[in-house]
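Note: hydrogens, waters and symmetry copies are ignored here, and every other heavy atom, side chains too, is used.
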Amino acid sequence: MHIARLLTASLLGVAFACTSIQDPAPQAPVAAAAAQNISATGFPETFESGVKTAYTTGSVTLGSGSWTLNDALLGNTTADRKTGTQSVRVRNVGSLSMNFNTTAGAGVITVQHAVYGTDGSSQWELWASTNGGSSYAKVGSTITTSSTSLGTASFTANLTGNVRLQIRKTSGGTNRINIDNVTIEQYGGTTTPPPTGTAKKFLFDGSHGELAGNADWVLDVNSGVASSIPTPAQSGITSTTSETYWTGAISAWGVALVKRGHTVEQLPAGGRITYGDATNTQDLSKYSVFVVDEPNVVFTAAEKTAILRYVQNGGGLFMISDHIISDRNNDGWDSPEIWNDLMQNNSVQANPFGFSVNSDNIVENSSNALVSSTNPIMNGALGTVSQLSFHNGATMTLSPTANSTVQGLIWRVGVAQGNSSVMAASSTFGTGRVVIIGDSSPADDGTGSPGNTVYDGWNENVSHARLHLNASLWLAKL
């Protein structure tokens, strides 16, 4: 929170508190009017099932269906780059081909890839057939694989009807590559986004120390607890309702969402972060966007898997960090470390989003923003974003080699718009989307729960509300 403005550098050993702001209007990443943005049946294909130990051409039944592997096998050695226990290993000019169709078209397709062991680089291509495999057409550009870490290649096919895919290794000779985690997003034949009036559900995390110390990064607090459903009831919110309707320091965010016809909930302390657990009434599968504002409790291994699988399968994740040495509950973890742990130490994929949070502490107002007439976050429904103010926040470093979709949005004053000193960024992973802002101050609406001192960063400049709202809408694929 902005209380850190009052502290000098000599006090950096004391946990700072940065604020958060809001007025957003996110929406959902799942179903669209024409079945867009939903994973095709059986996908992602993780290659975890099935056995094929020889390069000889043959078919194998996997989770999505039958695939033919030509000069390729399912590798499970320590030299095979993979998430889970195995991935496809291809050599020479081998290929892997679907023997079945996905019947709801193919929009965005992603494929994870890396070199096998210490082999040299190779190239490969994605091809698609719309006539049951009688003929194929190349999709996108030729991909070069040179890294020993899995990266994500993204292709926009936008094909309707029956579609089957083929991945062809085209160069590199006996150098081998690993292929893993193929995702296909359904495509309904239109690029028109769903109407903004389509109701979506947003879940704000309150289970990871968001109320620790002087933090107040939830929608509503009742008797010191961030309850699952904010009160008074959302049904009482009208176009003129004040953000003080709820008492959390990011209540303006929630109220704004409700005004746009959406539903907001909180995951309370003790709540479970799961994905695909029917016994959890607040399972991530029930929500379009998951918002986590400055977590102060490290995610468990199971929680990390749930969050990453949720995004990989189409969910939107809004990540907010704070500066280094901001451990509000004195458990040895602050938000930059917690976010990096999620991305670096998980069972799904290392560095899945293509960025890491730096161990710095920045105070500045930057107008070094991406200028784009087509970027929906920087120039979206809520208007153009031109600046971002940090009151003790952390920057990010981007890694396009890990995820080619990562995009810087705002940088520190005076630096080149590259991969360093990034204040806000976005990326995609699988069929889902991610946004990160390095400071909780811009989302703080200045009116928190009793006993906490917060500051109004949301209204500090017009771009703050626009950034959070546009990003929320983009995460929700609206």
Side-chain angles (χ1 to χ4, degrees), residues 29-30 39 43-49 63 76 81-87 112 149-150 152 180-181 183 201-212 217-218 225-228 265-321 327 329 331-353 355-357 402-403 427 429-434 436 475:
V30 253
S39 293
F43 287 84
E45 175 53 72
T46 61
F47 303 104
E48 292 300 291
S49 61
N76 55 17
R81 313 303 174 184
K82 56 190 179 295
T83 59
T85 60
Q86 61 184 18
S87 61
Q112 293 181 347
S149 299
L150 285 173
T152 302
D180 205 0
N181 300 321
T183 73
K201 292 185 70 175
F202 295 80
L203 182 65
F204 287 73
D205 187 47
S207 68
H208 281 72
E210 287 87 354
L211 288 174
W217 314 141
V218 294
V225 176
S227 51
S228 298
E265 293 183 10
Q266 300 181 130
L267 188 65
R272 294 187 295 140
I273 298 177
T274 64
Y275 179 63
D277 184 347
T279 68
N280 183 3
T281 58
Q282 289 189 298
D283 185 79
L284 290 179
S285 63
K286 302 178 185 295
Y287 304 90
S288 299
V289 177
F290 185 37
V291 180
V292 187
D293 189 341
E294 196 190 330
N296 263 261
V297 175
V298 68
F299 298 106
T300 66
E303 289 175 332
K304 287 187 281 189
T305 298
I307 292 170
L308 295 178
R309 291 301 187 198
Y310 165 71
V311 176
Q312 192 175 43
N313 284 282
L317 177 63
F318 205 132
M319 304 164 62
I320 297 179
S321 184
D327 178 10
N329 58 358
D331 68 348
W333 290 89
D334 53 30
S335 54
E337 296 168 326
I338 291 170
W339 284 128
N340 286 336
D341 179 67
L342 167 72
M343 296 181 287
Q344 296 168 3
N345 302 307
N346 64 77
S347 62
V348 178
Q349 181 180 326
N351 200 0
F353 307 144
F355 56 76
S356 59
V357 185
N403 185 327
S427 70
F429 177 54
T431 56
R433 299 176 175 182
V434 179
I436 185 167
L475 287 172

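Side-chain contact between His208 and Ile338 is absent, with no heavy-atom pair separated by less than 4.5 Å. Side chains of Gln266 and Glu210 form no contact here, defined as non-hydrogen atoms less than 4.5 Å apart. Within the 4.5 Å cutoff, the side chain of Asn351 has no heavy atoms near those of the Ser149 side chain. Side-chain atoms of Val292 and Ile307, non-hydrogen and from C-beta on, never get closer than 4.5 Å to each other. Within the 4.5 Å cutoff, the side chain of Ser227 has no heavy atoms near those of the Pro268 side chain. With contacts defined as side-chain heavy-atom distances shorter than 4.5 Å, the pair Leu308/Phe353 qualifies. By the 4.5 Å heavy-atom criterion applied to side chains, Val218 and Phe204 are not counted as neighbours. Using a 4.5 Å heavy-atom cutoff, the side chains of Val434 and Phe355 are in contact.
Listed by chain and residue number, nothing satisfies the salt bridge (charged side-chain N to carboxylate O under 4.0 Å, His left out) test with Glu303 (two or more places apart in sequence, or in another chain). Listed by chain and residue number, Lys304 satisfy the salt bridge (charged side-chain N to carboxylate O under 4.0 Å, His left out) test with Asp341 (two or more places apart in sequence, or in another chain). The ring pair (Phe, Tyr, Trp, His ring centres under 6.0 Å) check on Phe290 picks up nothing, with sequence neighbours excluded.
Shortest non-hydrogen contact noted between Ile273 and Asp205 is CD1-OD1, 4.2 Å. Closest approach of Ala212 to Asn329, counting heavy atoms only: CB-CB, 3.8 Å. Across every non-hydrogen atom of Lys286 and Asn280, the tightest pair is CE-O, 3.5 Å. Here the closest heavy-atom approach between residue Arg272 and residue Asp277 is recorded as NH1-OD2, 2.9 Å. What you find for Gly209 and Asn296 is that their closest heavy atoms are O-CB, 3.7 Å. Nearest heavy-atom pair across Glu45 and Phe47 is OE2-N, 2.8 Å.
Judged by distance alone, with hydrogens and angles left aside, the side-chain atoms of Tyr310 form no donor-acceptor pair with the main-chain N or O of Leu317 at under 3.5 Å. A donor-acceptor pair under 3.5 Å is formed between the side chain of Asn403 and the backbone N or O of Pro352. Side chain of Trp339 to backbone of Ile320: a donor-acceptor contact under 3.5 angstrom is found. A donor-acceptor pair under 3.5 Å is absent between the side-chain atoms of Asn340 and the main chain of Ser356, judged by distance alone.
To the nearest 0.5 angstrom, Met343 atom CE is 5.5 Å from Ile436 atom CD1. Note that the CD atom of Gln86 and the OG atom of Ser49 stand 7.5 Å from one another [nearest 0.5 Å]. In this structure, Tyr275 OH and Arg309 CZ are separated by 10.0 Å, a value rounded to the nearest 0.5 Å. Taken to the nearest 0.5 Å, the CG atom of Asn181 stands 12.0 Å off from the NZ atom of Lys82.
In summary, the side chains of Thr274 and Asp283 do present a donor paired with an acceptor at a separation below 3.5 Å, with no hydrogens or angles considered. Between Thr431 and Thr183, the side chains place no donor N or O within less than 3.5 Å of an acceptor N or O (distance only, hydrogens not considered).
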